[in-house]
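When reading the values below, keep in mind they use all heavy atoms of this one structure, side chains included, and skip hydrogens, waters and symmetry mates. Per chain, numbering begins at 1; letters A, B, ... match sequence-line order.
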Amino acid sequence: MRLSNFFLSTLREAPADADIVSQKLMLRAGMIKKLAAGIYNYMPMGLKSIRKIEAIIREEMNTAGAVELLMPVVQPAELWMETGRWQKYGAELMRIKDRHDRDFIVQPTSEEAITDIARAEIKSYKQLPVNFYHIQTKFRDERRPRFGLMRGREFTMKDAYSFDRDEASALKSYDIMYAAYQRIFSRLGLTFRAVAADTGSIGGSRSHEFQVIADTGEDAIAYCPDSDYAANIELAEALPLIASRGAASQTMTKTPTPGKSRCEDVAELLGIPLDRTVKSIVLAAEKVDDRGQPAGNEIWLLLLRGDHDLNEVKASKVPGLKGFRFASEGEIVEHFGCKPGYLGPIGLKKSVKIVADHTVANMADFVSGANEVDFHYTGLNWGRDLPEPNLVADIRNVIAGDPSPDGKGKLAIQRGIEVGHVFYLGTTYSAPMKATFLDETGKPQPLEMGCYGIGVTRLLGAAIEQNHDDKGIIWPDAIAPFTVVICPLGYDRNETVKSAADNLHAELMAAGIDVVLDDRGERPGVMFADWELIGVPHRVTIGDRGLKEGMVEYQHRRDEKATPVAVAEISTLLKGKLKTKQ
RNA sequence: CGGGGUGUAGCGCAGUCCGGUAGCGCGCCUGGUUUGGGACCAGGAUGUCGUAGGUUCGAAUCCUAUCACCCCGACCA
């Protein structure tokens, strides 16, 4: 491709509203252009990368036995009413009306549409298993779109849906997708990790996320360097750090701690380690009576060690805490007789349910708030100074150094960007939509489903978050908008340079390499800066000076310096480098 | 949705407090000189000052409303 036949628009300064590095670089490189909050134009340079990502996904999906189809972006509301998601989905579901005042939605995902297809088309066990997928535009009306392509409102997603006759077979389909995802992200050239994930509101029993490792990721991943354990921190089990409760050696003492409301400050004031303190978190949850009827709010006190943090996903799994919220200050004062900052389990005004984290439950001689401003208790011991907690549960986030739940070492924490998710659904959609097939005995059975997503446009952002430097993007070969750029110095005024550049360009094109020839005749600094910003991984510089010695220069985007290469050898060198990558 | 902030040329910004009819850098156009890391000289084009209303002889500037966008908190590809 000659640059004069393509379209380039780079910016020296990023628009002020760009918030993260991948968005800034993509805007500056002219790959995307913002049209509205969370909605982007994909410019030619950006679309080239997207198409490459899609091609790899397609190939691997097809290889894994999935079948491509295409479902519409706009779908009738009736389908969504059948599964109840019309009511349940909330404001993120974009609802629209047609000219006849009929309700439609702009699809955020396609379980309903595919299940509708399945119930009409799949009649016999002989048609199973089958896996349909499409690559389609999605819309989720995010309350706050941000991070460029990472959390846009409109985005492209590959979503696949498997149909099986029973759970065992469905889990096999799941494993096939899991393996396909491993291949896809490997081929994309990204560093990633598959982690066990929370099954969330959908239910289901098995779920993994594929996380692109990047310090700027929104998710935290706990993994064990000595084993294959890896889980989203939402899910990662925190084992008790204290095997059994030690004996009490101190007496309970009310100690003044003026102005020290944070555990860190209290520990420092008292000259004790942070892991001797206990922090109090007050939640409120709807109480349900014996008949399952709402019976007002119930206040809960959650106790965590001072150096630990609450895991809200785990907390919501504690029986009675589903759908909890943080208690209001009014509720706190009503039950504790004290404002937040000095709360603790002793001296309550009104009874509350107390949940101790596994580790807290085994602590002895600990420190906690006295429910009186500027005072803490030290030397607290369960059973002696206060009753045993109502419940002991895993309610904290794991931290680096915690024992791995598989018992094979210590956990480390990394941040990641979720770019893929595989999910075993069971009959969550097939049951309400009555999608059944006939088994060998002629009896109708509900289809067992799985769903599998990959965020195509998010991948673009994730790849950049993982691969960039202060000059710009550094694309993996597989998804670079161009694989090779030829930068001729003086293309517009030096015949020798021009013909050498034209020849190399023609040769690489003939070899099927995605090469771009910068035929602008720009000064070298301008060319280099542009292509380093865009992030083309391989660059060949052709100058008059080198040509006199029969040499050109090769430089990888990650190389510090250019390497001289004989004119006769440059195309062989490039073909070799690109072949080994594929 | 709650809290905070910003809208001035393609991009980045000044001007707003203290009203007098819009400016800087980059980019863009023309000519010339340059040419191995974002060149230089000379000339030039570009604005409903987010929108609507109000106050005033006069509004980018003051007032009111409204819209858009961004940042901080509850979710997911």
Using the P atom as the reference point in each nucleotide, state the distance between B:rA9 and B:rC67 in Å, no decimals.
22 Å
Name all residues meeting the side-chain contact (heavy atoms from CB on, under 4.5 Å) criterion together with A:Arg95; count only those two or more places apart in sequence or in a different chain, and write none if there are none.
A:Trp86, A:Tyr89, A:Leu93, A:Ile105
Look at all strands and tell whether A:Ala529 reaches a base, only sugar-phosphate, or nothing, counting heavy atoms closer than 4.0 Å.
base
Quick check on side chain to side chain donor-acceptor pair (under 3.5 Å): which of A:Arg151, A:Arg415, A:Gln211 does A:Glu218 satisfy it with?
A:Arg151
With rounding to whole Å, what would you report as the distance between B:rG43 and B:rG4 at their C1' atoms?
46 Å
Taking the C1' atom in each of B:rU16 and B:rG23, what is the distance between them to the nearest angstrom?
14 Å
Name the nucleic acid region contacted by A:Arg539, choosing base, sugar-phosphate or nothing; use a 4.0 angstrom heavy-atom cut-off, strictly under.
base
On the nucleotide B:rC71, are OP1 or OP2 found under 4.0 Å from the side-chain N or O atoms that A:Arg144 carries?
yes
Using the six-membered ring wherever Trp is involved, compare the ring planes of A:Phe6 and A:Phe482 and label them parallel, tilted or perpendicular (cut-offs 30° and 60°).
perpendicular
Rounded to whole angstrom, note down the P distance from B:rA42 over to B:rU61.
36 Å
Integer-rounded Å distance: B:rA74 P and A:Glu92 CD
14 Å
A:Lys88 NZ to B:rC75 C1', in whole Å, measures 17 Å
Taking the P atom in each of B:rG38 and B:rC13, what is the distance between them to the nearest angstrom?
24 Å
The answer to which of A:Arg143 and A:Gly546 contacts RNA chain B further toward the 5' end, by nearest nucleotide, is A:Gly546
On the side chain of A:Asp530, is there an atom forming a donor-acceptor pair with the base of B:rG38 - under 3.5 Å, no angle test?
yes
Determine, for nucleotides 23-35 of chain B in 5'-to-3' order, which nucleotides have protein heavy atoms under 4.0 Å from the base (write B), from only the sugar-phosphate (write S), or from neither (write -).
--BS-------BB
Salt bridge (Lys or Arg N to Asp or Glu O under 4.0 Å) partner of A:Glu532, the single match among A:Arg28, A:Arg539, A:Arg557
A:Arg539
Distance flag, aromatic centroids of A:His556 and A:His538, threshold under 6.0 Å:
yes
Applying the 3.5 Å cut-off to both distances, the Watson-Crick or G-U partner of B:rA39 turns out to be B:rU33
According to the 5.5 Å centroid and 30° plane-angle thresholds, does A:Phe528 stack upon the nucleobase of B:rG38?
no
Report the base-pairing partner of B:rC11 (Watson-Crick or G-U wobble, both distances below 3.5 angstrom), or none.
B:rG25
Taking the side chain of A:Ala36 as its heavy atoms from C-beta onward, which of B:rC69, B:rG38, B:rG36 lies nearest to it?
B:rC69
May I ask you to check if A:Arg458 and A:Phe155 form a cation-pi contact, with NZ or CZ under 6.0 angstrom from the six-membered ring centre and within 45° of the axis?
no
Is the gap between the ring centers of A:Tyr174 and A:Tyr424 under 6.0 Å?
no
Using a cut-off of strictly less than 4.0 Å, decide whether A:Lys34 has a side-chain nitrogen or oxygen near OP1 or OP2 of B:rC70.
yes
In a check of salt bridge (Lys or Arg N to Asp or Glu O under 4.0 Å) between A:Asp309 and each of A:Lys314, A:Arg396, A:Lys279, which one passes?
A:Lys279
Once you round it to whole Å, what is the distance between C1' of B:rC75 and CZ of A:Phe147?
12 Å
Taking atom types as they are modelled, is there a donor-acceptor pair under 3.5 Å from the base of B:rC76 to the side chain of A:Arg151?
yes
Using whole Å, what does the distance between atom P of nucleotide B:rA77 and atom CZ of A:Arg458 come to?
8 Å
